[in-house]
There are 2 protein chains.
Amino acid sequence: MESGYVTLEQVAEHAGVSLATASRVINGSTRQVSQRLRDKVTASARELGYLANASAQTLARNSSSLVGLLVHDISDPYFSSIAAGVTRHTEEQGLVLVLGTTSRSPQTESRILATLRAHRARAVVLVGSRSTDEESNRRLAEEIRLFRRQGGRVACVSQEGLPADTVTPDNHTGASDLARRLIAQGHREFAILAGPTDLQTARERLDGFHSALSGAGLALAHHNVVHGAFTRDGGYESTRRLMAVGTDATCLFAVNDVMATGAMAALRDLGLRVPADLSVAGFDDIPTLRDLTPALTTVRLPLEEMGERAAALALDGEPADQPRVVTVRGEVVERESTAPPTR
Amino acid sequence: MESGYVTLEQVAEHAGVSLATASRVINGSTRQVSQRLRDKVTASARELGYLANASAQTLARNSSSLVGLLVHDISDPYFSSIAAGVTRHTEEQGLVLVLGTTSRSPQTESRILATLRAHRARAVVLVGSRSTDEESNRRLAEEIRLFRRQGGRVACVSQEGLPADTVTPDNHTGASDLARRLIAQGHREFAILAGPTDLQTARERLDGFHSALSGAGLALAHHNVVHGAFTRDGGYESTRRLMAVGTDATCLFAVNDVMATGAMAALRDLGLRVPADLSVAGFDDIPTLRDLTPALTTVRLPLEEMGERAAALALDGEPADQPRVVTVRGEVVERESTAPPTR
DNA sequence: CTAGGGTAGGAAAGAGTTTTCCCATGGGCC
DNA sequence: GGCCCATGGGAAAACTCTTTCCTACCCTAG
């Protein structure tokens, strides 16, 4: 009470019982304790202000209540939406969420995974597509195997192909659906802000969009595909590059919403109106960005729910021996940022 | 190597030294170890893939590498921006960040603080104004004292008056400065989305705005002050209520940016143009919302930096015996959402 | 009335580190 | 040459729990 901590031993002594009995009362083991002693122990614990030492419990039980969450950048609303879902699920179960920010660096990712392993974390949720680089994927897979060998569980969001359960959007279908809707609006020439070349998610969305165009007998000019960073500023900069050389496109598809936001800002700075001069579409339907004007035509993903489901995969039920994949369909949401072309 | 873990004892045995020596090499204590043994131990550790058990270390050292971060809602960009700053600082120091989401519930807050105490967390950063409710503040203060008595450190963002270091924006001055700029634009009648009545931050911003109006000899009509939730939807709903009864104001001040976003959405839905029909101003300058159109006139706060400084207060240097307060000045940013009134 | 089985309680052995304390060795100094 | 001190190494205690194993007791059945 005075300074420092109250230990279970003190509680036991105060209650006049053994350490074992006190432990059984406090954590409720399989063993029964008589009501009389039970009352005495709980009364003593309350009186002394006992709070179990989580490290000691982790050590003794060899299993902790920590759950890791790895994101690239927590200030990106895409990640914070998913994080909210993961948080909800872990908090419901009385678990502790450890937030790791990788800044898109595989080394940092490995470092954080090792730390979680050191803490005997119960599970970890990896969010965000990683690169298609073979070497770093191999190392990540190895890190995941180590984690699982120690009894930890792993789930991913948007990252198939790893030895772990996954919740992933159907990027290909979503982008195809979007493309067909834009074609139905009358668009024939498209430009694409395709994100980084080595990012799986970006690539799938590009492919899906592309294949729908092909299906409609439309071609995608090479100079109308611009690669750049998967961020708001990447979208801005890619758009400036695109417009600097000029484009015949009537509709611009950015492979995610934050890039689309950057694109709209760039177009505004160039004095172009959306959708009058150029339509713009995104992907994700990030809640925070729904108040943009003109409102963004995009593919809605249930981000928070995806986080929750990933957490559930990593925490609930029995661990699967085969990686499970939960695919989430996106739904096209048509808003004001796209309109039939005027030329 | 096989399954489970490698312990320090195995490393020691493999290297042919005692457990004590191995421990000294791995963590680098004050004691010297000869280069010869040092090399043997590090080689063995690497070969066996040794990873220290963090719980055992925490137990033995009675101090962990966990740092708590408490926010109301991580998907709110205000909090995620601050979280990014805190993350940066903790990650630099090799510490582990635990994210707690309180959903604005004092009970949840207490529960999470207790959990952090159980884990012997090194420090905790509390973000976000709490209510002016005496009772819950008293209990929070008590919780903080418990935490500090156990050697933990505490820092707050936007919450003065607790027994802990604080980084806080100068809400009063910021709001006053904003009011004066709006008056200079020609506005004379203002409406205010004042947020919850019991939220300290909201109240300070209201007061600051109000006092600048008084200073300019302007009154603030009672029916032009609307209270509501401190969120985007709160702003939307407050605006609908305000406009339902009608207002003579030419400028609407929302006490934070997310509320201002809701306000702009509501006005758009009502067919009103910003700023032509009504100017709108906010507070915070949240990065994610900078791409709104019309761009929001607001008071810029260096959110990420505030998070970083709070983390620094909680982690660097010596703990202060007196609570330290770092005040951050906000800077008015005039953008397109406000313009001289047309009537 | 005794043997057997079930149950509540406690002693003690872990769990994997750090750290204290003790010992041995070697060097410097008189 | 003997003494003292500094230094590096190791044994063992400490940290706070959980859990196994043992004992004592009571109840029931034969």
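Just the heavy atoms: all of them, side chains too, but no hydrogens, waters or symmetry mates, feed the values below. Because the structure is predicted, anything quoted here is derived from the model rather than measured. Lettering follows sequence order; numbering is per chain, from 1.
- Atom C1' of nucleotide D:dT7 and atom CZ of B:R36 are separated by 15 Å, given to the nearest angstrom.
- Using a 4.0 Å cut-off, no side-chain N or O of A:Y5 falls inside it from OP1 or OP2 of D:dC17.
- Nucleotide C:dG16 holds its C1' atom 13 Å from the CG atom of B:N27, rounded to whole Å.
- Atom CD of B:E92 sits in a crowded spot, with more than 12 heavy atoms from other residues, nucleotides or ligands closer than 6.0 Å.
- Atoms CD (B:Q35) and P (D:dG9) sit 11 Å apart, rounded to a whole Å.
- Between B:T21 and D:dG9 there is no side-chain N or O to OP1 or OP2 distance below 4.0 Å.
- The shortest non-hydrogen separation linking B:L69 to B:A83 is CD2-CB, 3.7 Å.
- Terminal axes of the helix from C:dC1-D:dG30 to C:dC30-D:dG1 (five pairs each, C1' rotation axis) are separated by 50°, to the nearest 10°.
- Taking atom CG of A:L59 as the reference point, atom P of D:dC15 lies 14 Å away to the nearest angstrom.
- Atom-to-atom, CG of A:L8 to C1' of D:dT19 comes out at 13 Å; the value is rounded to the nearest Å.
- Proximity of A:V328 to A:T168: side-chain heavy atoms (C-beta onward) are nowhere separated by under 4.5 Å.
- Between A:A56 and B:R61, the one whose closest nucleotide on DNA chain C sits nearer the 5' end is A:A56.
- Residues A:A320 and A:D165 approach most closely at CB-OD1, 4.4 Å, considering heavy atoms.
- Protein atom CG of B:N62 is 11 Å distant from nucleotide atom P of C:dT19, rounded to whole Å.
- With a 6.0 Å cutoff to the six-membered ring centre and a 45° limit on the axis angle, A:R104 does not count as a cation-pi contact of A:F230.
- In terms of heavy atoms, A:L37 sits closest to A:V33 at CB-CG1, 3.9 Å.
- In this structure, the nucleotide among C:dT19, C:dG10, C:dG16 sitting nearest to the side chain of B:N53 is C:dG16.
- Inter-residue side-chain proximity for A:Q159 and A:Q200 is flagged as met; some heavy-atom pair is nearer than 4.5 Å.
- When distances run from any side-chain atom of A:R31 to the nucleotides D:dG9, C:dA8, D:dT19, the shortest one goes to C:dA8.
- In this structure a side-chain-to-backbone donor-acceptor pair under 3.5 Å is present from A:S64 to A:R120.
- The side chain of B:Y50 sits closest to C:dT17 out of D:dC17, D:dT19, C:dT17.
- A sub-4.0 Å separation between OP1 or OP2 of C:dA11 and a side-chain N or O of A:S18 is absent.
- In this structure, B:R24 places its CZ atom 12 Å from C1' of D:dA12, rounding to the nearest Å.
- What separates CZ of A:R117 from C1' of C:dG16 is a distance of 16 Å, to the nearest Å.
- Regarding contacts with the backbone of D:dG9, a side-chain N or O of B:S34 is found under 4.0 angstrom from either OP1 or OP2.
- Taking side-chain N and O atoms only, A:S23 has a distance below 4.0 Å to OP1 or OP2 of D:dT18.
- Sequence order on DNA chain C of the closest nucleotides to A:L19 and B:Q57 puts A:L19 first from the 5' end.
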